[in-house]
Structures are given as C-alpha cells and as structure tokens.
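Quick notes on the structure that follows.
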Amino acid sequence: MKLLVINPGSTSTKISVFEDDSNIFTESIFHDAPELLRYSTVNDQIPMRRRVVLDSLSRHGLSISDIDVFIGRGGCAYSQKEGVMAIDERLYSDTKDDKGGSDHPAKLGVMMAYEFGREYGKPMYTVDPTNVDEFDDIARITGLKGVYRRAQSHVLNQKGIARLHAESMGRKYEDCSFIVCHIDGGITIAAHRRGRMVDGTEGAGGDGPFTPTRLGSIPLMETARFLETHSPEELEAMCSRSGGFVSHFGTSDSDKVHALKESGDAHASIVWDAMVYQICKSIGAMAAVLEGNVDAILLTGGLVRFSDIVEGIRKRCAWIAPVHVYEGEVEQEAMCSEVLKVIRGEKMANAYTGRPVFEGFPWD
C-alpha cells in the first residue's frame, strides 16, 4: 500500500511516499517569501503546490494514480481533538473557508489530500492539525471579555518529538511534562503536561517570537498605529507570511540572514539574536505554566541546525531543565504511522464535528 504524505509549510512543501511502513522517498521544496507573496491568499497557492507534488512524484518514477491513501497536514477549520481524522466534504469546506480563524499553509495539505482522494476514489486523512485544542481554560482568558487566546501550533511535530523523547527516557508521554519548541519558518513554544498541550504561543496569530515569516507579539498600540496606514489584510499577512525576516530583509531564507550575521552585518545580528531572545522568553513563560516541573526542553525544527540558536537557548534556559535537540521533524513519519494504525484496525479515526472544541464560557 502506497501512502502519500503532503505537508505544506510557511516556507516549504514536504512530500513523502511510504510503502506501508517503509519510506520510499521524502523531498522538501523550499519556497522563499517573495514567491509566495505573489498569491493574495493561501488558497490561491493550491495550483502551484499541486504542481510541486506531482513533479516530485514524477522525479521519483511515480504517478498520482499509484497512490492508495492520501494524507495531508491540516489546520484552519474549527478546532479539533488530537489524533487521526478522516477528511470529508465538511472538513474540506471549513478548512478552505478558515472557519477556525487563521489562514496557514498547513490547510493546503487537507485540501490537496481531499481533491486527490475524490479524483481517484481513495481514502484521505489528516493527523494532529495545527488547531488541536487542549488548552486549560485559564490559558484562554484575556483582558477583553469575549476575546480568547486560541490553540494554534505545530501540534504534529511537537507531539511526535515529545513522544519520541519520552520513549528515550523509558517513560510514556502521558506521564511527562515538557516544553517543546518548534523552530523553523514558523515558531511555536508549548507546555506539554501529561500528554496535553495545555498552553502555548499562537504561531500565526501575532503571538510569541517573531520568525522568518511572522511578526510575533507586538505592542497593541503600535498595532493600532500600523493600521492607520495599512489594511487589516496586510497585518494578517504579516502574522503568517510577510513579517519577521521578510519584513526586515525581504527574504524568509534563514541561511541568507545568518550569513549576513556571520559577515558582521549589525542589522542581521541584532534581529537574529532578538529572535532567539524571544524564544527564550516564551520558554520561561511555559516553565511558569508547568510550575517549574519540567522534565526537558525539546528543540526541534529546521532552524536548530544553527548552533548559535541552540547555544543561545541553553545559555538562558538550561537552568529550567535539560535541553535536548531533535534536528528536523518527525511529521511525515508520524502522519504515516498513525494512519496505518487506523487502516490496520488498531485505532479509530475521529470524525470532524464541524464545531470547535471550545465554544465559550457560561457568561458569554
């Protein structure tokens, strides 16, 4: 059985084909921000991303008609429980329409898996989308009645790495407390307590550290002043596609920005170091959420290949808990293995309810 795993990110499209448990190939195609900013919305990227998938299959001697199961990374529909979910028309529609209130490229995984699955009459699934909601209610509250913090993060990779590290300790994920940092084109930091992501930064929502493509947290009144001369659509784009390195340097290519820093460029040096500084601030916040009971700080994602990021975090945060590095991601393997469990009857897939996990408090 051949399984195609489609994983669109803010700066890449990652494609894998598995023959049951065996990885036939994995390929990641980088997209610099200027390329993606040619598209007015994330949905407009679908034709381009489809071509990327089809071209990747062709390079490896495969056709889309060879695929038996389509798996797409997801997000942007109403919030969901963790685990495997069958993709149906309602999930596709709510994902396309951003019913969850965000507009992240991860959504394109669900959309492409659904379109390919319908075209070829094959099953399609998503696993641990970006909008899995396990927040403690206290983490939702803001200083505005009726305005709440949302669960939006790199759930798939964060949980995959947390389970992997718990196993290396001879323990279960459900018995551990971790701070997990996904550090790549997007950055999210979350508190994992006994198998649940009870709090975390909202990566594409103007929250947490800025990143190669995202503006991160900025003061509210500065945001209001920005909107005096810019549109809400421009601000939304800066939350997920045109903030961070793109705003400062016109590129989301971290290698180029790091090379500028290494050459002694003052602008690149302070921006790069500020990103690391803000990651550390979020780690400290999550340590407070876990009341200091942290088994490990886990660093994952493509940018942990830069040793100065890792060492900067160790310098400021190693007093909290041991820092462990998992370069890259386990998203492709996690999606495949979890779907195979469903296909083999070892677990049940969730059904999309079309309702958010959190629907407000009694006083709303």
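The shown structure was predicted, so the numbers you read here are calculated from the model rather than taken from an experiment.
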- Query: Backbone N or O of Leu260 within a donor-acceptor pair of the Ser263 side chain at under 3.5 Å?
  - Reply: yes

- Query: Charged N to carboxylate O below 4.0 Å: is that the case for Lys14 and Glu329?
  - Reply: yes

- Are the side chain of Thr300 and the backbone N or O of Tyr326 linked by a donor-acceptor pair below 3.5 Å? yes

- Task: Kindly indicate whether the side chain of Ile15, heavy atoms from C-beta on, has any atom under 4.5 Å from the side chain of Ile29.
- Result: yes

- Item | Any side-chain heavy-atom pair of Val339 and Leu3 under 4.5 Å | yes

- Task: Please step through side chain to side chain contact (heavy atoms under 4.5 Å, CB included) for the pair Ile64 and Glu119, ending with a clear verdict.
- Result: CA-CA 10 Å; Ile64 196 73; Glu119 186 176 352; over 6 Å; no

- Ile309, Leu298: one ILVMFWY side-chain cluster at the under-4.5 Å cut-off? no

- Query: Are any side-chain N or O atoms of His60 and backbone N or O atoms of Ser56, one a donor and one an acceptor, separated by less than 3.5 Å?
  - Reply: yes

- Would you call Arg305 and Asp255 a salt bridge, using N to O less than 4.0 angstrom? yes

- Task: Flag yes if Leu108 and Tyr352 sit in one hydrophobic cluster, no otherwise; membership is Ile, Leu, Val, Met, Phe, Trp, Tyr, and two members link when side-chain heavy atoms are under 4.5 Å apart.
- Result: yes

- Item | Expected output: side-chain Thr142 to main-chain Leu144 donor-acceptor under 3.5 Å | yes

- Query: Should His31 and Thr13 be marked as a side-chain hydrogen bond (donor to acceptor under 3.5 Å, both in side chains) after you check the CA-CA gap, both sets of side-chain angles, and the distance that decides it?
  - Reply: CA-CA 8 Å; His31 311 294; Thr13 304; 2.7 Å; yes

- NZ/NE/NH1/NH2 to OD/OE distance under 4.0 Å, Asp136 and Arg193: yes

- Tyr78 backbone acceptor or donor facing Asn131 side chain under 3.5 Å: yes

- Message: Please tell me whether Tyr173 and His165 form a close aromatic pair, meaning their ring centres lie under 6.0 Å apart.
- Response: no

- Using the side chain to side chain contact (heavy atoms under 4.5 Å, CB included) rule, take Thr11 and Asp32 through it: C-alpha gap first, then chi angles, then the decisive distance, then the call. CA-CA 6 Å; Thr11 57; Asp32 200 357; over 6 Å; no

- Task: Give the intermediate values and the outcome of salt bridge (charged side-chain N to carboxylate O under 4.0 Å, His left out) for residues Lys261 and Asp273.
- Result: CA-CA 9 Å; Lys261 179 192 174 185; Asp273 291 344; 3.0 Å; yes

- Task: List the atom of Val69, the atom of Met1, and the distance in Å for their closest heavy-atom pair.
- Result: CG2-SD, 3.8 Å

- Which atom names give the shortest non-hydrogen contact between Ser254 and Trp272, and what distance separates them? O-CZ3, 3.6 Å

- Task: Could you please spell out the steps behind the salt bridge (charged side-chain N to carboxylate O under 4.0 Å, His left out) verdict for Arg50 and Glu115?
- Result: CA-CA 10 Å; Arg50 278 179 62 108; Glu115 291 171 5; 3.4 Å; yes

Side-chain donor-acceptor pairs of residues 176-189 under 3.5 Å, sequence neighbours excluded:
residue, atom, partner, partner atom, Å
His182, ND1, Asn157, ND2, 3.1
Asp184, OD2, Gly302, N, 3.1
Thr188, OG1, His154, N, 3.3
Thr188, OG1, His154, ND1, 2.8
Thr188, OG1, Gln158, NE2, 3.1

- Task: Taking all heavy atoms of Ala106 and all of Thr130, pick out the closest pair and write down the distance.
- Result: CB-CG2, 3.8 Å

- Item | Residues Arg59 and Glu27 bridged, charged N to O under 4.0 Å | yes

- Is the backbone N or O of Leu91 less than 3.5 Å from a side-chain atom of Thr95, with the two atoms forming a donor-acceptor pair by type? yes

- Message: Let me check something: do Leu156 and Met112 share a hydrophobic cluster, defined by ILVMFWY side-chain heavy atoms less than 4.5 Å apart, either directly or through other members?
- Response: no

- Task: Could you go through the side chain to side chain contact (heavy atoms under 4.5 Å, CB included) check for Lys96 and Tyr92 one step at a time?
- Result: CA-CA 6 Å; Lys96 184 178 180 180; Tyr92 170 80; 4.2 Å; yes

- Message: With a 4.0 Å cut-off on N to O distance, would you call Glu134 and Lys159 a salt bridge?
- Response: yes

- Task: Indicate the atoms forming the closest heavy-atom contact of Leu57 with Ser63, along with that distance.
- Result: CD1-C, 4.2 Å

- Shortest non-hydrogen pair, Cys336 vs Ile71, comes out as CA-CD1, 4.2 Å

- Donor-acceptor pair between Arg214 and Ser240 side chains, under 3.5 angstrom: no

- Item | Minimum heavy-atom distance Ser153-Met197, with the two atoms named | OG-CE, 3.3 Å

- Item | Under-4.0 Å salt bridge between Lys347 and Glu338 | yes

- When you check the gap from the basic side-chain N to the acidic O, do Arg150 and Asp207 get nearer than 4.0 Å? no

- Answer yes when Glu82 and Arg196 have at least one side-chain N-carboxylate O distance shorter than 4.0 Å, and no when they do not. no

- Message: Please determine whether residues Tyr277 and Ile270 belong to a single hydrophobic cluster, defined as Ile, Leu, Val, Met, Phe, Trp and Tyr linked transitively by side-chain heavy-atom distances below 4.5 Å.
- Response: no

- Ignoring hydrogens and geometry, is there a side-chain-to-backbone donor-acceptor pair from Asp308 to Val310 under 3.5 Å? no

- Query: Any side-chain heavy atom of Phe70 within less than 4.5 Å of one from Pro123?
  - Reply: no

- Give me the one residue out of Glu331, Glu333, Gln332 that meets side chain to side chain donor-acceptor pair (under 3.5 Å) with Ser16. Gln332

- Message: side chain to side chain contact (heavy atoms under 4.5 Å, CB included) for Ser252 and Phe30? Distances and angles first, verdict last.
- Response: CA-CA 10 Å; Ser252 58; Phe30 176 73; 4.0 Å; yes

Contacts table for residues 278-292: side-chain donor-acceptor under 3.5 angstrom, sequence neighbours left out:
residue, atom, partner, partner atom, Å
Gln278, OE1, Phe210, N, 3.2
Ser282, OG, Gln278, O, 3.4

- Proximity of Phe358 and Tyr148 rings by center, below 6.0 Å: yes

- Message: Between Glu174 and Arg194 (salt bridge meaning N to carboxylate O under 4.0 Å), is one present in this structure?
- Response: no

- Message: Check this for me, if you would: do Arg355 and Glu359 make a salt bridge, where the nitrogen-to-carboxylate-oxygen distance has to be below 4.0 angstrom?
- Response: yes

- Task: Compare all side-chain heavy atoms of Phe226 with those of Leu235 and state whether any distance is below 4.5 angstrom.
- Result: yes

- Message: Does this structure show an ion pair linking Asp128 with Arg73, if we count only N-O contacts that are shorter than 4.0 Å?
- Response: no

- Glu89, CD atom: more than 12 neighbouring heavy atoms under 6.0 Å: no

- Query: In terms of side-chain geometry, is the basic nitrogen of Asp97 or Lys107 positioned less than 4.0 Å from the acidic oxygen of its partner?
  - Reply: no

- Members sharing Leu37's hydrophobic cluster, built from side-chain contacts under 4.5 Å between Ile, Leu, Val, Met, Phe, Trp and Tyr, are Val246

- Salt-bridge present (Asp137, Arg140; N to O < 4.0 Å): yes

- Return yes if some donor-acceptor pair links the side-chain N/O of Ser58 with the main-chain N/O of Leu54 below 3.5 Å, else return no. no

- Task: Indicate, with yes or no, if Val53 and Met124 share a hydrophobic cluster defined by side-chain heavy-atom contacts under 4.5 Å among Ile, Leu, Val, Met, Phe, Trp and Tyr.
- Result: yes

- Message: Between Asp44 and Thr41, is there a side-chain donor-acceptor contact under 3.5 Å, judged purely by atom types and distance?
- Response: yes

- Look at the rings of Phe249 and Phe245 and say which category their plane angle falls in: under 30° parallel, 30 to 60° tilted, over 60° perpendicular. perpendicular

- Is there a donor-acceptor pair closer than 3.5 Å between any side-chain N or O of Thr213 and the backbone N or O of Ser242? no

- Is a side-chain donor or acceptor of Thr223 paired with a backbone partner of Pro219 at a separation under 3.5 angstrom? yes

